[in-house]
Every structure is written in C-alpha cells, then in structure tokens.
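In what follows, every chain begins at residue 1, and chains take the letters A, B, ... in the order their sequences are listed.
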Amino acid sequence: MTKIDAEPQFWLMKSEPDVYGWDDLVEQKEGTWDGVRNHLAARNLRTMKQGDLAFFYHSNIGLEIVGIMKISKAGMTDPTDPDGKWAAVKVKPVKKLKRAITLKEIKATPELADMELLRQSRLSVSGVRPSEWDFILEMAKRKLPGTK
DNA sequence: GCCAACGTTGGC
DNA sequence: GCCAACGTTGGC
C-alpha cells in the first residue's frame with residue numbers, strides 16, 4: 001500500500017511574549033496564529049498542513065525558542081483581516097523544551113547558520129529544515145556548553 | 001520601471 | 001533608543 005501522508009514539515013513562529021507568549025498558548029490550549037502581514041510569512045502559513053510542527057520563538061523579549069507546537073488546523077483565512085486575503089492557522093502546544101534555545105546560541109552553531117530565522121531576521125513565520133529541527137531538539141536535551 | 005521617502009520589525 | 005534590513009508607496 002502506498003503511503004500518502006507526507007512527512008510533517010517544520011516551522012518557526014515568532015511572537016512577542018508580552019503580547020502573546022508560550023504560557024498564553026498553554027493556558028488557552030489552542031491559539032489562532034493570525035495578524036501576519038508579510039507575504040513570505042503568509043506563504044509559509046498557507047503551506048502548513050495539519051500535523052506539522054513548529055517552534056514557538058519569543059521575539060523582542062527572551063529571544064529564544066521556548067516550545068513546540070502542532071498545527072491543529074491549516075488553511076484558514078485570517079479572521080482579523082476584513083478583506084479575507086491573509087492566511088492563518090490554529091496551533092496547539094505540544095511541549096516546552098527542557099531548556100530554551102537562545103538566538104545567541106543558534107548564531108554560534110555552525111549547523112544552524114543557514115536557518116531562515118537568521119537569513120531573514122524579520123520574518124515572523126519561517127521554515128525549519130528537518131536536520132535543523134533535530135539538531136535543536138538535541139541541543140535542548142543538553143546543557144549549555146560551559147555551564148555545570 | 002526606477003528610486004527616494006517612509007514605515008515596520010526585531011536585534012543590539 | 002538606535003539602527004539595519006526589508007517592504008511599501010508614490011512621484012516621475
């Protein structure tokens with residue numbers, strides 16, 4: 001039998017924690033990722049499929065990946081857009097990382113130097129390659145080098 | 001179709 | 001608070 005389901009895709013989504021942070025998502029159990037007004041970010045939102053996984057990144061304050069969420073509903077129209085042209089998705093928290101991975105650490109890691117997060121620093125929704133996803137998960141299992 | 005001016009995002 | 005990197009807008 002042919003397997004139809006594609007591998008899940010990986011993403012990274014930014015939010016300012018004083019506006020909407022990881023804890024807010026956990027409290028709500030499910031959140032709608034809307035208000036994106038950048039075409040490349042919107043294209044990424046439209047590409048997402050239900051079941052895809054995404055890092056939750058705290059921008060502005062924290063500057064770190066704090067948790068993993070799952071796309072619970074894909075292909076939505078942004079409810080905050082009166083013209084109905086922009087895209088949105090729904091997300092559910094999966095788990096918090098054992099420790100947050102900071103932007104500083106990502107920048108210092110050669111394996112992650114090519115991440116879309118770094119190449120397009122202003123992009124609020126970016127893609128993550130499977131190798132990068134796995135690498136970050138491995139990093140989160142270990143302590144920061146140099147700390148005891 | 002170019003480009004200057006301006007606005008926004010996000011890191012420092 | 002500043003500034004770099006983009007995106008958008010509007011005059012020409």
Indicate yes or no for a side-chain donor-acceptor contact from A:Ser124 to the backbone of A:Lys14 under 3.5 Å, with no hydrogens or angles considered.
no
For A:Asn38 and C:dA5, give me the distance from atom CG to atom P, rounded to whole Å.
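Value for this atom pair: 17 Å.
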Set of residues satisfying side-chain contact (heavy atoms from CB on, under 4.5 Å) with respect to A:Thr80, sequence neighbours excluded
A:Asp34, A:Arg37, A:Asp78
Any chance you could list the contact pattern along nucleotides 7-12 of chain B? Use B for base contacts, S for sugar-phosphate-only contacts and - for none, protein heavy atoms under 4.0 Å, 5' to 3'.
-BBSSS
Under a 4.5 Å cut-off applied to non-hydrogen side-chain atoms, are A:Ile101 and A:Arg99 in contact?
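Heavy-atom side-chain distance check passes, below 4.5 Å.
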Side-chain touch A:Val91/A:Met48, heavy atoms, less than 4.5 angstrom
no
Take the angle between the ring planes of A:Trp33 and A:Phe56 and call it parallel below 30°, perpendicular above 60°, tilted in between.
perpendicular
